[in-house]
Amino acid sequence: MLLSTDIWVSALIRRAELGGAFAVVVRKGDARAGAVLVKVLNRSDRTARLYAEATRMDGERVWMQPQPSDQEPDLDRYIERAARIDPDIWVVEIEDRDGRHFLTEPVERA
């Protein structure tokens with residue numbers, strides 16, 4: 001059984017906060033089945049990364065980096081385009097001094 005998006009996002013934010021990071025929902029989408037983008041800001045080196053959920057051919061949920069840039073303005077432009085295409089999308093922003101994403105599912109390397 002999959003969790004609804006709002007509960008999953010709340011759990012991600014809680015994990016980040018427990019890890020000493022700051023996390024916030026910057027765009028709220030469909031509570032039950034909205035897709036999620038996670039933007040991670042690394043405050044130690046002033047870079048950013050964006051993660052989008054995807055499903056492998058075997059049905060496993062994974063995270064990938066849809067935008068190879070580590071510059072925040074590039075990622076923000078990607079998020080704006082994604083929101084125009086999918087108005088139900090969620091965006092979670094995590095600020096962490098070590099750039100951790102706090103995702104528990106597998107993360108595909110770019």
Side-chain angles (χ1 to χ4, degrees):
M1 180 173 155
L2 295 175
L3 294 174
S4 63
T5 303
D6 57 346
I7 292 172
W8 186 91
V9 166
S10 294
L12 174 63
I13 290 172
R14 183 72 177 140
R15 279 193 308 273
E17 290 172 345
L18 288 172
F22 174 76
V24 65
V25 173
V26 295
R27 179 180 170 80
K28 189 180 247 187
D30 183 84
R32 296 194 55 172
V36 180
L37 293 174
V38 178
K39 184 170 82 170
V40 178
L41 304 171
N42 185 333
R43 290 299 171 206
S44 65
D45 66 5
R46 300 186 190 275
T47 60
R49 287 175 289 150
L50 186 65
Y51 298 95
E53 59 184 332
T55 304
R56 287 188 188 157
M57 295 292 282
D58 63 4
E60 182 180 18
R61 181 178 181 180
V62 297
W63 291 86
M64 59 171 215
Q65 291 181 273
Q67 172 63 286
S69 176
D70 66 356
Q71 300 302 305
E72 190 173 8
D74 294 337
L75 303 183
D76 290 339
R77 282 190 292 276
Y78 181 92
I79 291 168
E80 288 173 21
R81 286 190 309 269
R84 280 195 305 269
I85 294 168
D86 181 3
D88 292 330
I89 200 164
W90 288 69
V91 179
V92 177
E93 190 168 299
I94 300 173
E95 290 185 25
D96 183 60
R97 69 175 175 266
D98 299 321
R100 296 172 293 170
H101 51 65
F102 299 96
L103 298 166
T104 57
E105 299 87 359
V107 176
E108 300 285 326
R109 298 290 173 213

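Side-chain atoms are counted along with the backbone in the values below, which use heavy atoms only and exclude waters and symmetry mates. These figures come from a predicted structure and were not determined experimentally.
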Practice task
Take atom CZ of R43 as the centre, draw a 6.0 Å sphere, and report whether it contains more than 12 heavy atoms from other residues, nucleotides or ligands.
Solution key: yes
Kindly write out the residues that satisfy side chain to side chain contact (heavy atoms under 4.5 Å, CB included) with [X], not counting sequence neighbours, or none if the list is empty.
X    : result
P106 : R56, E60, V62
A11  : R15
R84  : E80, R81
A21  : A16, I94, D96, F102

Which residue pairs pass the ring pair (Phe, Tyr, Trp, His ring centres under 6.0 Å) test with at least one member in [range], sequence neighbours excluded?
range          : answer
residues 25-48 : none
residues 24-78 : W8-W63, Y51-H101
residues 18-48 : none

What pair of heavy atoms forms the shortest contact from [X] to [Y], and how long is it?
X   : Y   : result
A31 : S4  : O-CB, 3.6 Å
I89 : V36 : CG1-N, 4.5 Å
N42 : S44 : OD1-OG, 2.6 Å
D86 : A35 : OD2-CB, 4.0 Å
T5  : G34 : OG1-O, 2.9 Å

Exercise for the section: State, yes or no, whether a side-chain contact exists between I13 and V24 at a heavy-atom distance under 4.5 Å. Expected result: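 The answer is no, as the side chains (C-beta and beyond) never meet within the 4.5 Å cut-off.
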Handout entry: All pairs passing side-chain hydrogen bond (donor to acceptor under 3.5 Å, both in side chains) where residues 18-40 contributes a residue, at least two apart
Key =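 Non-adjacent pairs meeting side-chain hydrogen bond (donor to acceptor under 3.5 Å, both in side chains): K39-E72, K39-D76, K39-E93.
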Practice task
Would you check if the side chain of D98 reaches a backbone N or O of R100 as a donor-acceptor pair within less than 3.5 Å?
Solution key: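 No; judged by distance alone, with no hydrogens or angles, the pair does not exist.
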In chain order, what residues pass the side-chain hydrogen bond (donor to acceptor under 3.5 Å, both in side chains) check against [X], with sequence neighbours excluded?
X    : value
T104 : none
D88  : none
S69  : D74
D70  : none

Handout entry: Same apolar cluster: L12 and V25, side chain cutoff 4.5 Å
Key =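 L12 clusters together with V25.
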Handout entry: Cluster overlap L37 with V26, hydrophobic side-chain contacts below 4.5 Å
Key = yes
Problem - Test applied, side-chain contact (heavy atoms from CB on, under 4.5 Å); reference residue, V38; option that passes from L50, V9, L103 - result: L103
